[in-house]
Amino acid sequence: MSTFYVTTPIYYANGEPHAGHAYTTIAADVLARYHRIKGNEVSFLTGVDEHGANIDKTAETEGLTPQAFCDKLAPIFTKLWERLNISNDIFLRTTSELHKRGIRKFLTALYESGDVYKAPYEGHYCRPCERFFPEKELTDEKICPIHKLPLEWVKEENYFFRLSKYQDRLLQHYSDNPDFVYPESRRNELLNVLESGLEDTSISRSSVSWGIPLPFDPEHIAYVWIDALPNYITALGYDADSEKYRTFWPANVHMMAKEITRFHALLWPAMLMAANLPLPKQIVAHGWLTKDGEALSKTRGIFIDMDGDIETYGVDAFRYYLMREFSFGNDGDYRPTRLHQRYNADLANDLGNLLNRVLGLVNKNFDGIPAPSTPDDIDTEIVEMAQTTSEKLDEHMATFAFDSALETIWEFVRRVNRYVQQTEVWTLAKPETIPRMGTILYNCLEALRYISVLISPYVPETAEKIQKQIGLSEFDTVAEWGRLPVDIEVSRGEPIFPRIDLKKETAKQEKKTKEQKSSLISFADFQKMDLRVGSVTSAEPIEGADRLLKLQVDLGTEKRQVVAGIAEHYKPDILIGKKVIVVVNLEPATIRNVESHGMILAASDESVVLVSPETEVPLGTQVR
RNA sequence: GCCGGUGUAGCUCAGUGGUAGAGCACACGACUCAUAAUCGUGCUGUCCGGAGUUCGACUCUCCGCACCGGCACCA
C-alpha cells in the first residue's frame, strides 16, 4: 500500500464557483477515488484562498468585513462539492489558524534560508499617484506621465525572494523529472520561461492590509501567492510537523487549470527548495471549458448551467460527461446536446439497460444469483476481457487520460451486451438448459459488479446503485473476478438512467434563457462614469505594439491623448474625423511608454467596432 | 513580433512509412430478455494546400494557409 496526496488549487474566494472549478475538482476527485479503491491511503485537499486586496475590495462593496465576506462564501464552495459528490478529506481556508501557523513557520524557514532580502526598493516616485514608475515608462525628464510633476527619488523597503538563484536547480529538476509538469506542452512553455531567465519576486505588500503579516516583519503582509501556495503543506499540519504531514508530503499530484501552472511549477518548487522541503511529484494542468464553442464570460452571459444540467441528468451524468468527452489537458467544448447524447447512448442504453435486462432475466428464472458451472470459451473470453480492461484502465489513469479510461470500460460494457445477445440467454429457460442460463447470468452480474468497481471513481452514485440492485449490501471495491456471492437476492429497481427525450431538454433550455441573469449595478454606479463625444484628430501606430494606436481626440473644450487597442481592426487614417465616445474620467495610464487619458468605447468580441453617435452632436456632449 | 501546438468520415477524436479507423449520428437487417433498449451489416473521407526525401507518405523534411495556446501587449 502506498500513499497518494492529490490537491486542487485553493480557489480564490471573491466570487462564486463556476464550471471550471468543478472540472478541476471532479478530476482530482476521480484520482482520489481511484487510488482509494486501489487500496492506497489517500488524502485529497481542496479549499479557498481568502486573502488579498481583491477580496478586501469586494467585501467592502458588499458592506462586509473581509472575514464576514469569506465566511459567507466558503460554504458556497463546500455545498457545491457536496452536490458534486466530491470526496475531499480536507477543506482548507487560508483564514484558518492552522494555515496561518503553517505560513508563519514556512516564511520563517524561507527567511532563514537567506534567500529573502529586504530590498531598499528605490525608484521614481509620484506622490499623488502613490506609486513608482519604472525607468522604461519614463522619458528623460523624469516627470510623472500622469501628473506632469517631477518625480521624487524614493526608497521603500520591500521583501524579495531570490527566485533567480533557483533557475539552474529548477532546470535540473525538469530534466531529471520529465513528468514533473504534465502535459508536455505546458512543460515546454515553462522550460521556455526558465531558459529566458527568472527574476527575483516580491513576496510582500505594504499597501495591503487583508492578509498574513510576515513573521519577521509584521509591517509587511504576505503577497497572496506566497500565502496561498504553501497551503498544500499547511493543510496537512506542517506547522506542528504532524503525522499526516510526514505521511503525505510531498504531494503526488497538484491538479489545476492551465493559467496558474507558472506559480506552481516555478515559484512553488523554488520556495520549497529554499525551505529545504521535498518537491511535489507532478504538476498537472488541464485546459479550459468553452460553451458551445464560445469562451465563458460573465459579462456576455455565457456560462455552463451546472445546476440545470445536474437537475436534468444527475450528478453522475455531469461528472461522466466532463471526464468522458474532453481530452484532459486540452480545452474542451461543453455542449448540452452532447451531454444529452452521452447520457442516452452510454449511460441509459449501454449500461443502464444492460443492468435492467440482466436483472429481469434473473428475477424471472431464479430465486437469487445463480451458481455458475463449467465455463465455455465465450465465458472465459468475458473473464479475460474484464482483466485486460482493468489493466488498460490503469495505464490510462497514469497519464490522466480519463476519456480513454472511460472508453476502455465502455468497450467492456458493450462486450457484455453482445455476450447476452450471442448466447441468447433468454431462450435458455428450459429445464435442460437452465444450468447454462445460470452460468451466463452469473457472469453478466459479476461483469456488472466488476464494471461498477471500475466506474466508481467517475460515477460513485451509479456504482453503488448497481451493486445494490445486484443484491450486495455493502459496496465491494475490488476488481477481481468471481467475488460475487451466489444465492443472494437481487433487487431490480427503477432504471438507473431513465432515457430522457429531447422535448424535456428543449423545455429546460427555454427556462435557461429566461433565467439569464446579469449582475446589476446601481444608477449611482452608472453615473460615476463621465462619457463624452469626441472626434479623432490624429491616429498613429505605436512602435512595438501590434494592437495599439495612439489617438488624439478633440472633446470640444480640450484635447486628449488616448491609447486604444484597436490597431488590428482599424487603420489609422480611417479614424481621422471619426466621432467616438470617450470615458473621460478614467484614471490615466501609461501603455507602452505612451500616456493614455481615457478610453474609447467599442463593441468588442471577435471583431472590434467603435461606438459612434448616430447623428451629428457637438463635441464634448455628455453621453447618458 | 517571438515561441509552441493542432488541422483525419456530418460531429468528437484515435492512428501507422506500404493504397484509412472507433464512438455518436444515419440506413438496412436480426432479435424480443430489456429503458422505442440490444446485436449485425453498410454509408460518406483530395487523412489542410504545395514541394521534397523514398520503390512507396496520411504518417518524415521544408514552405504556405487556417485555427488554438504561451510571451510581449489589450484603459
Side-chain angles (χ1 to χ4, degrees), chain A residues 146 183-193 195-196 258-259 261-262 285 287-288 290 293 295 324-327 329-333 335 337-338 340-365 401 403-404 406-408 410-411 413-429 437 440-441 444 492 494-501 542-549 561-569 582-602 604 608:
Chain A
I146 292 154
E184 210 182 339
S185 53
R186 293 293 142 205
R187 173 189 146 87
N188 290 339
E189 272 171 26
L190 291 165
L191 276 173
N192 238 329
V193 175
E195 276 156 10
S196 67
K258 63 188 182 184
E259 77 278 7
T261 42
R262 301 171 72 122
W288 286 341
T290 54
R324 173 66 185 87
E325 188 89 347
F326 307 133
S327 93
N330 301 324
D331 289 357
D333 191 25
R335 292 153 71 179
T337 48
R338 292 289 299 168
H340 184 264
Q341 283 174 1
R342 284 283 176 201
Y343 177 89
N344 275 346
D346 297 359
L347 299 176
N349 296 352
D350 287 347
L351 182 60
N353 182 57
L354 174 64
L355 176 70
N356 207 236
R357 72 194 298 206
V358 169
L359 289 177
L361 286 164
V362 174
N363 257 349
K364 199 188 276 182
N365 300 290
D403 56 334
S404 310
L406 285 169
E407 170 61 19
T408 300
W410 252 257
E411 276 169 22
V413 173
R414 286 191 283 265
R415 181 65 191 89
V416 179
N417 261 320
R418 196 164 0 124
Y419 175 61
V420 173
Q421 207 70 21
Q422 286 173 326
T423 54
E424 297 185 7
V425 243
W426 59 88
T427 63
L428 303 177
M437 186 183 208
I440 294 166
L441 289 179
C444 288
R492 183 192 192 193
E494 291 299 302
I496 53 174
F497 292 109
R499 270 183 72 88
I500 293 172
D501 62 45
I542 292 172
E543 199 183 330
D546 294 348
R547 291 188 179 155
L548 304 183
L549 288 180
Q561 174 169 295
V562 176
V563 174
I566 56 172
E568 286 170 329
H569 306 274
V582 184
V583 185
V584 293
N585 62 341
L586 190 64
E587 60 182 12
T590 302
I591 300 139
R592 266 279 157 179
N593 249 335
V594 179
E595 298 158 32
S596 182
H597 299 270
M599 175 174 171
I600 306 290
L601 293 191
S604 107
V608 170

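All chains are named by letter (A, B, ...) in the order of the sequence lines, taking the proteins before the strands, and each is independently numbered beginning at 1.
- Under a 3.5 Å cut-off, the side chain of A:Asp346 and the backbone N or O of A:Leu351 do not form any donor-acceptor pair.
- Picking from B:C73, B:C33, B:C39 the nucleotide with the shortest atom distance to the side chain of A:Asn417 gives B:C39.
- Toward the 5' end of RNA chain B, the nearer of the two residues A:Glu407 and A:Val358, judged by each one's closest nucleotide, is A:Glu407.
- Taken from CG in A:Leu441 to CG in A:Leu361, the straight-line distance is 5.5 Å, to the nearest 0.5 Å.
- The partner of B:A34 is absent, by the rule that a Watson-Crick or G-U pair needs both atom distances under 3.5 Å.
- The side chain of A:Asn192 approaches B:C3 more closely than any other nucleotide in the set B:C33, B:C3, B:U38.
- Residue contacts for A:Arg492: at a heavy-atom cut-off of 4.0 Å it reaches the sugar-phosphate backbone alone, with no base atom in range.
- Relative to the side chain of A:Ala345, the nucleotides B:C24, B:A37, B:U38 differ in distance, and B:C24 lies closest.
- Between B:G70, B:C33, B:G23, one nucleotide has an atom nearer to the side chain of A:Glu189 than all others, and that is B:G70.
- Salt-bridge check for A:Arg186 with A:Glu189: passed, with a basic side-chain N closer than 4.0 Å to an acidic carboxylate O.
- Put simply, NZ on A:Lys258 is 9 Å from C1' on B:G70, counting in whole angstrom units.
- At the phosphate of B:C71, OP1 or OP2 sits under 4.0 Å from a side-chain N or O atom of A:Arg262.
- Residue A:Arg418 is in sugar-phosphate contact alone, with no base atom involved, counting any heavy-atom pair closer than 4.0 Å across all strands shown.
- Note on A:Asn349: a side-chain N or O is less than 4.0 Å away from OP1 or OP2 of B:U38.
- Between the base of B:U12 and the side chain of A:Glu325 there is no donor-acceptor pair shorter than 3.5 Å.
- Close to B:C11, at under 4.0 Å from its OP1 or OP2, lies no side-chain N or O of A:Arg338.
- For B:U38, neither phosphate oxygen OP1 nor OP2 lies less than 4.0 angstrom from any side-chain nitrogen or oxygen of A:Arg357.
- Comparing B:U35, B:U38, B:G70 by their nearest atom to the side chain of A:Pro495 picks out B:U35.
- Separating the P atom of B:C48 from that of B:U59 is a span of 8 Å, rounded to the nearest Å.
- Base pairing of B:U59 is not made with any nucleotide, judged by Watson-Crick or G-U wobble geometry with both donor-acceptor distances under 3.5 Å.
- Distance from the side chain of A:Asn356 is smallest to B:A34 among B:G23, B:A34, B:U12.
- Across all strands shown, B:C39 forms a Watson-Crick or G-U wobble pair, both distances under 3.5 Å, with B:G29.
- Using a 4.0 Å heavy-atom cutoff across all strands shown, A:Leu548 reaches sugar-phosphate atoms only and no base atom.
- Rounded to the nearest 0.5 angstrom, A:Phe497 CZ and A:Leu355 CG are separated by 10.0 Å.
- Within the nucleic acid shown, A:Asp403 has no heavy atom closer than 4.0 Å to any nucleic acid atom.
- When both pairing distances are held under 3.5 Å, B:G4 makes a Watson-Crick or G-U pair with B:C68.
- Searching all strands for a Watson-Crick or G-U wobble partner of B:U16 with both distances below 3.5 Å returns nothing.
- Pairing for B:C73 is absent, judged as Watson-Crick or G-U wobble with the two contacts each under 3.5 Å.
- Within the 4.5 Å cutoff, no side-chain heavy atoms of A:Arg492 are placed close to those of A:Val362.
- Not one side-chain nitrogen or oxygen of A:Asn353 sits closer than 4.0 Å to the OP1 or OP2 atom of B:U38.
- Between B:G70, B:C33, B:U38, one nucleotide has an atom nearer to the side chain of A:Asp350 than all others, and that is B:U38.
- With a 3.5 Å ceiling on both atom-pair distances, B:U44 lacks any Watson-Crick or G-U wobble partner.
- Taking the side chain as every heavy atom from C-beta outward, A:Asn417 and A:Gln421 never approach each other to under 4.5 Å.
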